[in-house]
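Here is the structure we will look at, set down as structure tokens.
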Amino acid sequence: MGIKAALPRYELYLYTAVLAGALIWAGSWIAEASSENVNRKAFKESVKPGWHYFGRKMDVADFEWMMWFSTFRNHILFALTGHVIFAKIFTLLAPKHRSLIFGVYGGLAVLITMGWTFMALVLSHCIILYSVALVKMKWLCFVAGLTTLASLKLEPYNSWQESLVTGSFDLQDILFYGGCGFSIMRCMSFALENCEKKDGNYTFSDLLRYNFYLPFFFFGPIMTFDRFHAQVNNTQLTRKDREMWNITTKALVHLGVILVVDVFFHYLYILTIPNDMKLVTKLSDWCLAGLAYSNLVYDWVKAAMMFGVINTVATLDHLDPPQPPKCITMLYVFAETHFDRGINDWLCKYVYDYIGGDHDQIFKELLATVCTFAITTLWLGPCELVYIWSFFNCFGLNFELWVAKIFSLPPLSTIERVMGEAMSRRIRGVFNAANFWTIVLYNVLALNNLEFAKLVGRRLIFKGFPLSSLSVLLVTYCGVQLVKERERQQALLDDPEPVKPVDGGKEKAE
């Protein structure tokens, strides 16, 4: 049914009140569990003294967050500030050569940080994939690229490559695997785009300038070569009206969100609690549901902030980088689920859309999703947890298509047309609410641990039935309807004419 199906305003107000009340209720359970167990022995390693002003300990379980916004904050800011200054100076002096300056500065920063052996390793990956790119055979580019990536993810090859990097400091492992992994994916993008180039080949210099752009080098996001090459070589460098104001506003918003998250970590130990299974088994169903949901929201916030900082620098360089992922709260279909839009765009462009076409044929969609999640599994690092995560997300994506096919056939399609758009939206909302929690459960196992995900699933589906199960489903239904209303209003702004229903989009994984 049409996406413009409107619900009565009082109904939307009711949904808002129910959702707000439920979030406050679940948050109070988590806050109580955090306060009462702050001195547990299991919390010793991940709950440390926090800000002096609060007089409370804070959750420091996420190394990545602490690295970016606490422990190595000054180092990261120093490197990115140097890039911005050099980029601005040479953009004004020699706009035609700014891509060269980006590459030189990035290369020197990587060399100083990681040493010449790491630089030699990355250059060897570049040389191998550039040589393959000259053959202009896509299948060979995939074979070479994925083989190189496998050598980084599988033993004993990854240990051997890591041993080549001398020196020792806290960030070495993260910078090594992040730098090499993203470098290989960028080289694959270059090789595949070179296959599409009809006249001649891109140069090795083009690859180096693309690969050593410092803001993207270690942590992403990945920007496909075709987009980067076109934007970085654009010499008409003008700003839109109020663009600098918008950049400044976004930077201040990022700073504000980072501070808010740090404050929350003093009161809600959402990262530490799921790792203490003895404590988790004693918590209420609402507390478990809140923990599972809040962990996914936090992971989205973290990705949005990390990529937001990088994207701010890239925007100052007159680039249009991949945007942060869509908030988990706005997701009720697997077809839009991802936590890294750069990887998602890469997989869509070169694998998922290339094989799946319009994503309307069951067999082609199955083949496209299997190939997509196979590459995603290799990217994340093959292990039991990743296998389970990939299988269930791949199944969820295909199951949505199967259900859509079934409901498009008579008599179900006839019944839906008869019942009207508003009622159709309500019924779809029930299915979307259930689907939302499958997305949460399938992804929380990768963010926390398998035992926590299994416990949440058992409590909400079996032991908590019917009271906890139906009440959580009701609250989720209210949230889904509010999201649908936002999408309806956005559709009216984007296209005032009637549009066909779209219950999903494109997806891949991160």
Side-chain angles (χ1 to χ4, degrees), residues 1-3 5 296 326 328 330-339 344 347-377 386-421 423-446 453-454 457 460-462 465 469-470 472-473 476-477 479-481 483-484 487 499-510:
M1 305 300 289
I3 198 173
L296 262 73
K326 190 174 182 179
I328 182 64
M330 307 294 290
L331 300 176
Y332 51 84
V333 289
F334 280 90
E336 296 178 354
T337 305
H338 58 268
F339 294 93
N344 183 74
L347 290 167
C348 280
K349 181 178 178 63
Y350 300 121
V351 185
Y352 185 66
D353 291 342
Y354 183 78
I355 298 174
D358 58 4
H359 306 288
D360 194 46
Q361 298 180 30
I362 291 178
F363 178 75
K364 288 181 68 176
E365 179 72 0
L366 179 61
L367 180 61
T369 52
V370 168
C371 292
T372 298
F373 280 99
I375 295 176
T376 304
T377 300
V386 174
Y387 294 147
I388 297 172
W389 176 86
S390 293
F391 171 80
F392 280 113
N393 280 275
C394 184
F395 170 77
L397 192 56
N398 282 277
F399 186 71
E400 285 179 348
L401 177 61
W402 303 340
V403 172
K405 288 288 186 181
I406 293 173
F407 276 82
S408 66
L409 300 174
L412 295 177
S413 61
T414 305
I415 295 173
E416 187 176 20
R417 283 196 296 269
V418 171
M419 71 174 57
E421 291 188 340
M423 183 56 66
S424 171
R425 169 174 162 177
R426 294 187 182 99
I427 294 175
R428 284 175 177 264
V430 174
F431 287 99
N432 294 144
N435 204 42
F436 175 87
W437 274 101
T438 61
I439 293 173
V440 171
L441 292 176
Y442 290 172
N443 287 280
V444 79
L445 65 89
K454 288 165 63 177
L460 294 184
I461 300 173
F462 301 110
F465 187 85
S469 304
L470 296 182
V472 169
L473 188 65
T476 309
Y477 170 83
V480 167
Q481 290 296 356
V483 173
K484 284 179 174 287
E487 292 175 346
V499 295
K500 295 181 179 180
V502 178
D503 212 21
K506 293 183 197 170
E507 182 255 74
K508 293 12 16 129
E510 172 270 1

Exercise: identify the closest heavy-atom pair between [X] and [Y]:
X	Y	result
His359	Leu401	O-CD1, 3.8 Å
Val430	Leu473	O-CD1, 4.5 Å
Tyr332	Glu487	OH-OE1, 2.6 Å
Ala453	Leu445	CB-CB, 3.6 Å
Asn435	Glu400	ND2-OE2, 2.7 Å

Checking [X] side chain against [Y] main chain: does a donor-acceptor pair fall under 3.5 Å?
X	Y	answer
Asn393	Trp389	yes
Asn443	Ile439	yes
Thr369	Leu366	yes
Thr376	Thr372	yes

Pairwise distance [atom1]([X]) to [atom2]([Y]) - rounded to 0.5 angstrom:
X	Y	atom1	atom2	value
Ser424	Glu416	OG	CD	3.5 Å
Ile415	Ile427	CD1	CD1	9.5 Å
Lys454	Ile388	NZ	CD1	8.0 Å
Ser469	Phe462	OG	CZ	9.0 Å

[X] versus [Y]: any side-chain heavy-atom pair under 4.5 Å?
X	Y	value
Val386	Phe373	no
Arg428	Val480	no
Lys326	Leu331	yes

Item to check | Side-chain donor-acceptor contact under 3.5 Å, Gln481 with Arg426 | outcome: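 No pair is found: no donor N or O on one side chain lies under 3.5 Å from an acceptor on the other.
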Checklist entry - Would you say the side-chain atoms of Thr377 and Ser390 include a donor-acceptor pair closer than 3.5 Å? => result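 Yes, because at least one side-chain N or O of Thr377 sits under 3.5 Å from a partner of the opposite role on Ser390.
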Item to check | Phe334-Tyr442 aromatic ring centre distance below 6.0 Å | outcome: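 Yes, they do, as the ring centres are separated by less than 6.0 Å.
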Next on the checklist: I'd like to know whether the aromatic ring centres of Phe399 and Phe395 sit less than 6.0 Å apart in this structure.
Outcome noted: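 Yes, they do, as the ring centres are separated by less than 6.0 Å.
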Item to check | Residue pairs, two or more places apart or on separate chains, that pass salt bridge (Lys or Arg N to Asp or Glu O under 4.0 Å) and touch residues 365-377 | outcome: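 The answer is none; no pair qualifies.
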Next on the checklist: Just to verify, what does Lys405 make a side chain to side chain donor-acceptor pair (under 3.5 Å) with, not counting sequence neighbours?
Outcome noted: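 By the side chain to side chain donor-acceptor pair (under 3.5 Å) rule, Lys405 matches Asp360.
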